[in-house]
Amino acid sequence: FPYTTLFRSASTMKILVTGSTSGIGQQLALDYLKAGHTVYCCGRKEEPLAELHKAYPEQARILCFDVADYSACKTHLQGLAELDIVILNAGTCEYVDAQKLDAALFKRVFDINVGGVVNCLEFLVPQMATNGNLALMGSSSSFLPLPRAEAYGAPKAAIAYLASTLSISLRAQQIHVSYIAPGFVDTPLTKRNDFPMPMQVSTEFAARKIRLGISNNKRVIHFPRLFTGFLKLLAALPMGIQSRLIARATLRRP
């Protein structure tokens, strides 16, 4: 796998990125366009997509739809040209009060962060090239339980499991699968957070790490490594110790 992927990265590729209208997805689309690749830029907002097409009219293929809408996914994704890289990045985040769980909130987040991914996979996997790369956007929050992140972390944990199983199931088709697990990245989504975000990185940093990880067929792409490595270390502790440490560090006290 590594040699074929690195060879393809030196030539023109066909790449699809969902959530291309802001944050990490927009930066990934821009970086791949700047490198001369053809990019299917997917998103719900027409204006940012139009700006990408204006800047790169020969390379940017604009697909305006909602990944949570199965019919829209079928209309826009079925029958595309053979794809070298697919990055399913679109997602959302809402935090919860565990004392007042909101089922509608959970459904909104799951419909986009899990349902949207599966909707896209149905139509994109059959169109991927041999030795292609499929990358699913997760989060380092899937490494361990974090208060208030129940509705966000649970679907990301589901995506981690999905990526792990797909990496086995798609091996026969020579499709390499990566799970992306960022720490805090400065995006419009994280700007709504009302808590400290240690070791936050820029979208440029995040996109560079993701592109490098994909080109090297990394199974898990996590960054910044000092932060995500600490979370992985914490996740390896016995559950009792882990829970006490997380509660002490995160739960607000009167």
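We number each residue from 1, following the sequence as shown.
Put simply, CD1 on I210 and CD1 on I24 are 5.0 Å apart, with the number rounded to the nearest 0.5 Å. Note that CG of D84 and OG1 of T130 are 10.0 Å apart. Values are rounded to the nearest 0.5 Å. Distance check, rounded to the nearest 0.5 Å: CG of L63 to OG of S20 gives 9.0 Å. Atom CE of M137 is separated from atom CG of N89 by 4.5 Å, given to the nearest 0.5 angstrom. Atom CG of L233 sits about 11.0 Å away from atom CG of L144, to the nearest 0.5 Å. Here the SG-CD distance, from C73 to Q78, works out to 11.0 Å after rounding to the nearest 0.5 Å.
S167 places a side-chain N or O within 3.5 Å of a backbone atom of S164 that can act as its donor or acceptor partner. A donor-acceptor contact shorter than 3.5 Å links the side chain of H176 to the backbone of N217. Distance alone, capped at 3.5 Å, is enough to place a donor-acceptor pair between the Q26 side chain and the T21 backbone. Remark: side-chain polar atoms of H37 are paired, donor with acceptor, to backbone N or O of M13 under 3.5 angstrom.
The minimum heavy-atom distance between P188 and S22, with the atom names listed, is CG-CB, 4.2 Å. Of all non-hydrogen atoms in T18 and A90, the two that sit nearest each other are OG1-N, 3.0 Å. Nearest heavy atom pair, residue L80 against residue L77, reads CG-O, 3.3 Å. Of all non-hydrogen atoms in C41 and L33, the two that sit nearest each other are SG-CD1, 4.3 Å. Scanning all heavy atoms of the two residues, the minimum distance from P182 to G138 falls at CD-O, 3.6 Å. Annotation for R192 and C93: closest pair NH2-O, 3.0 Å, computed over non-hydrogen atoms.
Contact annotation: the side chain of Y179 never approaches that of L162 to less than 4.5 Å [non-hydrogen atoms, C-beta and beyond]. A heavy-atom distance below 4.5 Å is found between the side chains of E150 and F106. Between L52 and V39, every side-chain heavy-atom pair lies at or beyond the 4.5 Å cut-off. Contact annotation: the side chain of I159 never approaches that of S142 to less than 4.5 Å [non-hydrogen atoms, C-beta and beyond]. Between V96 and Y152 the shortest side-chain heavy-atom distance does not fall below 4.5 Å. With a 4.5 Å cut-off on side-chain heavy atoms, I246 and P147 count as touching.
A continuous path of hydrophobic side-chain contacts links F230 to F195 [ILVMFWY only; heavy atoms under 4.5 Å]. Under the 4.5 Å side-chain heavy-atom criterion for ILVMFWY residues, no single connected hydrophobic cluster contains both L28 and L212.
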All N/O donor-acceptor pairs, side-chain side in residues 196-209, below 3.5 Å, sequence neighbours left out:
from: S202; atom 1: OG; to: E204; atom 2: OE1; distance (Å): 3.4
from: S202; atom 1: OG; to: F205; atom 2: N; distance (Å): 3.1

Pair up each side-chain donor or acceptor in residues 114-124 with any protein partner under 3.5 Å, not counting sequence neighbours, and list the distances.
from: N119; atom 1: ND2; to: V67; atom 2: O; distance (Å): 2.9
from: N119; atom 1: ND2; to: G115; atom 2: O; distance (Å): 3.3
from: E122; atom 1: OE1; to: Y70; atom 2: OH; distance (Å): 3.3
from: E122; atom 1: OE2; to: Y70; atom 2: OH; distance (Å): 2.7

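Sorted by first then second residue, the salt bridge (charged side-chain N to carboxylate O under 4.0 Å, His left out) pairs that include residues 14-38, not counting sequence neighbours, are D31-R211. Applying the salt bridge (charged side-chain N to carboxylate O under 4.0 Å, His left out) test to residues at least two apart or on different chains, none of the pairs has a partner in residues 227-238. Sorted by first and then second residue, the salt bridge (charged side-chain N to carboxylate O under 4.0 Å, His left out) pairs with a member in residues 178-189 read D186-K191; sequence neighbours excluded. The salt bridge (charged side-chain N to carboxylate O under 4.0 Å, His left out) pairs that include a residue from residues 89-117 are E94-R108, K107-D111, where partners are two or more places apart or lie in different chains. Applying the side-chain hydrogen bond (donor to acceptor under 3.5 Å, both in side chains) test to every pair with at least one member in residues 41-66, sequence neighbours left out, gives no pairs at all.
By the salt bridge (charged side-chain N to carboxylate O under 4.0 Å, His left out) test, R219 is found to be paired with no residue, residues two or more places apart in sequence or in another chain being considered. Legend: residues meeting side chain to side chain donor-acceptor pair (under 3.5 Å) with K74, ordered by chain and number and at least two apart, are absent. S178 pairs by the side chain to side chain donor-acceptor pair (under 3.5 Å) definition with nothing, not counting sequence neighbours. In terms of the ring pair (Phe, Tyr, Trp, His ring centres under 6.0 Å) criterion, Y40 has no residue partners (sequence neighbours excluded). Among residues two or more places apart in sequence or in another chain, the ring pair (Phe, Tyr, Trp, His ring centres under 6.0 Å) test is passed with F65 by H76.
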Query raised in the report: After noting the C-alpha distance and the side-chain angles of L105 and Y95, does the key distance pass the side chain to side chain contact (heavy atoms under 4.5 Å, CB included) rule?
Result: CA-CA 9 Å; L105 183 155; Y95 295 105; over 6 Å; no
Query raised in the report: Going through the distances and angles, do R244 and I241 end up as a side chain to side chain contact (heavy atoms under 4.5 Å, CB included)?
Result: CA-CA 5 Å; R244 286 195 295 274; I241 297 174; 3.6 Å; yes
Query raised in the report: What's the verdict on side chain to side chain contact (heavy atoms under 4.5 Å, CB included) for N113 and T92, showing C-alpha distance, side-chain angles and the deciding distance?
Result: CA-CA 7 Å; N113 290 4; T92 189; 3.9 Å; yes
Requested in this report: For I87 and Y32, run side chain to side chain contact (heavy atoms under 4.5 Å, CB included): C-alpha distance rounded to whole Å, both residues' side-chain angles, the deciding distance at 0.1 Å, then the answer.
Outcome: CA-CA 12 Å; I87 304 175; Y32 281 124; 3.8 Å; yes
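For F184, the CZ atom sits in a packed shell: over 12 heavy atoms of surrounding residues, nucleotides or ligands are nearer than 6.0 Å.
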